Amino acid sequence: MRGSKWGRPYYGGGMNFSDHQIGIYAQGMFTDQRPEITTNLAKLEEQAAATLTPEALGYIVASAGSGSTAQANRDAFDSWRIAPRMLRSAAERDHGATILGTQAPAPLMIAPVGIQTLAHPDGELATVRAAAALGVPYIHSTQASHSFEQVAEAGGDSPRWYQLYWPTDESVLLSFLARAKDTGFTTLVLTLDTTLLGWRPADLDRGYLPFLANLGIENYLSDPAFQAGLEQPVDANPIAAAMHWAQMFPNPGLNWSQLAFLRQHWDGPIVLKGICTVGDARSALEHGVDGIVVSNHGGRQIDGARASLDALPDIVDAVGDRLTVLFDSGVRTGADMAKALALGADAVLLGRPFLYGLALGGQAGVEHVLRCILAEFDLVTSLSGHTGAAELGRESVVRA
Ligand SMILES: Cc1cc2nc3c(=O)[nH]c(=O)nc-3n(C[C@H](O)[C@H](O)[C@H](O)COP(=O)(O)O)c2cc1C
Ligand SMILES: O=C(O)C(=O)c1ccccc1
């Protein structure tokens, strides 16, 4: 990737993604200090599990019901194999991507994840700083433990999108949109698949709902429109504040006709997250949105839903030439990222793996995970004969 425009900003001194690998070897050889966090991305969960409380672990790792959809997400990745091509001059590489006007060093973004203080006290602030250090776009969850304003301050002028959970209180909705815009979040991601929380036995068996301890509702608690609906200030009655949130979060009545309202009140790109069928992808197109995220929420919502990766190729065939198609659910490694891109995703959202990095090392831990995945992606794509992410296509993979 000599001369790559993306090389310098991410590692300083002209280092490139795969130089990270050399750096890790050098660390071990010359200082006898091996990385404290594993480079085996598939093993991160195991390592992180040891640092988390049972409640946090249950909330983060566990999925809906029996976990069959989370498992299906992984099985779907294993059902595709990379078909490497040789002798194709891959010395100069550029994985740079522009995703709905947002520039990124590679087609990778940080998925919106709520309550990141469950993983580490610095929560979203550590994550957005890590994302900023590498130029990876960050998506701020409505259910974050830090507010729009705090995340914007920590992230500086780094690329940031906002993920909306549509509250049933319209004044709060409008206030969220205004605050997101004022604090520099450029694209709106509306999540469709979590109008109600899924059936999650790991939390139910513990009677664990973090929001009741006012965790993960900082955007609300800091919101003037939300506060106006409380009889007492948040500090005077935190439980009443949590209950007020619990009344406006569930929104199973949400429907396609409401998207026009969003368009009226948001002037940037709009992306719908949680699309799993060709029919809904076509509806998204008809309703004039700019992009979709093919996702089953990491298997956390409908136990028994199909694997997100299995839904991807048909959706790309149906709308990929007219909509930006993003993907998540089950991505664990740089090779997984390559497979999803080969099957037509324009970019991939990273979910649980960055949270494991956060749990293991705060900002440095998230940076480690991002560097590892980007380095592995660079190695896998170049070793298989590609000079950039944009060259990946259906011919790059075969059914196992
Ligand atoms: C702990 C946790 C919290 C999440 N919170 C949100 C959220 O607030 N908003 C959202 O749209 N998706 C949320 N997600 C889903 C992620 O954005 C993403 O779809 C999912 O993690 C992808 O699956 P993966 O973890 O298997 O990669 C959450 C996921 C996890 C693990
Ligand atoms: O846990 C989740 O997956 C999620 O999306 C969520 C929903 C509501 C509050 C916090 C997180």
Side-chain angles (χ1 to χ4, degrees), residues 41-42 44-45 48 52 55-64 67 69-77 108-120 123-124 127 138-146 161-167 188-200 202-203 208-220 242 245-246 248-251 271-276 292-302 305 307-309 326-333 336-337 340 345 348-359 369 373:
L41 294 161
L44 266 180
E45 177 177 318
L52 292 163
E55 288 77 14
L57 185 65
Y59 185 76
I60 292 169
V61 178
S63 308
T69 294
Q71 185 59 47
N73 285 336
R74 287 304 314 150
D75 293 346
F77 274 99
L108 180 73
M109 307 182 71
I110 301 271
V113 164
I115 342 178
Q116 293 184 27
T117 47
L118 285 182
H120 188 278
E124 292 81 2
T127 305
Y138 172 86
I139 310 180
H140 179 61
S141 164
T142 293
Q143 295 297 147
S145 332
H146 290 94
W161 293 8
Y162 168 52
Q163 176 265 324
L164 175 68
Y165 277 134
W166 189 311
L188 186 67
V189 179
L190 173 65
T191 297
L192 310 178
D193 55 23
T194 309
T195 56
L196 300 162
L197 269 191
W199 186 256
R200 302 180 183 170
D203 302 333
Y208 181 65
L209 200 53
F211 323 105
L212 294 184
N214 284 16
L215 293 174
I217 54 174
E218 194 53 35
N219 285 316
Y220 294 86
W245 166 80
M248 67 180 75
F249 173 78
N251 194 355
V271 173
L272 301 181
K273 177 171 181 278
I275 298 287
C276 297
I292 57 177
V293 186
V294 176
S295 168
N296 59 26
H297 210 100
R300 297 165 69 77
Q301 285 298 100
I302 302 173
S308 190
L309 194 71
L326 310 179
F327 173 87
D328 78 24
S329 297
V331 175
R332 295 293 173 272
T333 67
D336 293 340
M337 184 178 154
V348 159
L349 276 50
L350 189 65
R352 289 183 185 88
F354 89 78
L355 268 186
Y356 301 144
L358 182 62
V369 169
I373 199 165

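Both counts, for ligands and for their atoms, begin at 1 and track the order of listing. The figures here come from the full heavy-atom set of this structure, side chains too, leaving out hydrogens, waters and symmetry mates. Computed from a predicted structure; not experimentally measured.
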Report task. Assess whether salt bridge (Lys or Arg N to Asp or Glu O under 4.0 Å) is satisfied between Arg74 and Asp336, documenting all intermediate values. Result -> CA-CA 9 Å; Arg74 287 304 314 150; Asp336 293 340; 2.9 Å; yes
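- The two residues Val331 and Phe327 have their closest heavy-atom pair at CG2-CE2, 3.8 Å.
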Contacts table for ligand 2: protein N or O within a distance under 3.5 Å of ligand N or O, distances only.
unit_1: ligand 2; atom_1: 1 (O); unit_2: Tyr59; atom_2: OH; d: 2.4
unit_1: ligand 2; atom_1: 1 (O); unit_2: Arg200; atom_2: NH1; d: 2.8
unit_1: ligand 2; atom_1: 1 (O); unit_2: Arg300; atom_2: NH2; d: 3.0
unit_1: ligand 2; atom_1: 3 (O); unit_2: Arg200; atom_2: NH2; d: 3.1
unit_1: ligand 2; atom_1: 3 (O); unit_2: His297; atom_2: NE2; d: 2.7
unit_1: ligand 2; atom_1: 3 (O); unit_2: Arg300; atom_2: NE; d: 2.8
unit_1: ligand 2; atom_1: 5 (O); unit_2: Tyr165; atom_2: OH; d: 2.6
unit_1: ligand 2; atom_1: 5 (O); unit_2: His297; atom_2: NE2; d: 2.8

Requested in this report: Check step by step if side chain to side chain contact (heavy atoms under 4.5 Å, CB included) holds for Met109 and Val348.
Outcome: CA-CA 6 Å; Met109 307 182 71; Val348 159; over 6 Å; no
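- In this structure, Ala202 and Gly58 approach most closely via the heavy-atom pair CB-O, 3.9 Å.
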Under a 3.5 Å threshold, I'd like every N/O contact between ligand 1 and protein atoms, with atom names and distance.
unit_1: ligand 1; atom_1: 5 (N); unit_2: Gly114; atom_2: N; d: 3.0
unit_1: ligand 1; atom_1: 8 (O); unit_2: Gly114; atom_2: N; d: 3.4
unit_1: ligand 1; atom_1: 8 (O); unit_2: Ser141; atom_2: OG; d: 2.7
unit_1: ligand 1; atom_1: 9 (N); unit_2: Gln163; atom_2: OE1; d: 3.0
unit_1: ligand 1; atom_1: 9 (N); unit_2: Tyr165; atom_2: OH; d: 3.1
unit_1: ligand 1; atom_1: 11 (O); unit_2: Thr191; atom_2: OG1; d: 2.7
unit_1: ligand 1; atom_1: 11 (O); unit_2: Lys273; atom_2: NZ; d: 3.0
unit_1: ligand 1; atom_1: 12 (N); unit_2: Pro112; atom_2: O; d: 3.2
unit_1: ligand 1; atom_1: 12 (N); unit_2: Lys273; atom_2: NZ; d: 3.0
unit_1: ligand 1; atom_1: 14 (N); unit_2: Pro112; atom_2: O; d: 3.4
unit_1: ligand 1; atom_1: 14 (N); unit_2: His297; atom_2: NE2; d: 3.3
unit_1: ligand 1; atom_1: 17 (O); unit_2: Pro112; atom_2: O; d: 2.7
unit_1: ligand 1; atom_1: 17 (O); unit_2: Lys273; atom_2: NZ; d: 3.0
unit_1: ligand 1; atom_1: 19 (O); unit_2: Lys273; atom_2: NZ; d: 3.0
unit_1: ligand 1; atom_1: 19 (O); unit_2: Asp328; atom_2: OD1; d: 3.2
unit_1: ligand 1; atom_1: 19 (O); unit_2: Asp328; atom_2: OD2; d: 2.7
unit_1: ligand 1; atom_1: 25 (O); unit_2: Arg352; atom_2: N; d: 3.0
unit_1: ligand 1; atom_1: 25 (O); unit_2: Arg352; atom_2: NH1; d: 3.1
unit_1: ligand 1; atom_1: 26 (O); unit_2: Gly330; atom_2: N; d: 3.1
unit_1: ligand 1; atom_1: 26 (O); unit_2: Arg332; atom_2: NH1; d: 3.3
unit_1: ligand 1; atom_1: 26 (O); unit_2: Arg332; atom_2: NH2; d: 2.8
unit_1: ligand 1; atom_1: 26 (O); unit_2: Arg352; atom_2: NH1; d: 3.1
unit_1: ligand 1; atom_1: 27 (O); unit_2: Arg332; atom_2: NH1; d: 3.1

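- Atom CG of Leu212 sits in a crowded spot, with more than 12 heavy atoms from other residues, nucleotides or ligands closer than 6.0 Å.
- Nearest heavy-atom pair, Glu124 versus Val113, reported as atom, atom and distance to 0.1 Å: OE2-O, 4.2 Å.
- No close placement of the Tyr138 and Trp161 rings is indicated, their centers lying 6.0 Å or farther apart.
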Requested in this report: Go through the steps to decide whether Tyr162 and Ile139 satisfy the test side chain to side chain contact (heavy atoms under 4.5 Å, CB included), and finish with yes or no.
Outcome: CA-CA 5 Å; Tyr162 168 52; Ile139 310 180; over 6 Å; no
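- The cationic group of Arg200 does not satisfy the cation-pi geometry with Tyr208, failing either the under 6.0 Å distance to the six-membered ring centre or the 45° limit from the ring axis.
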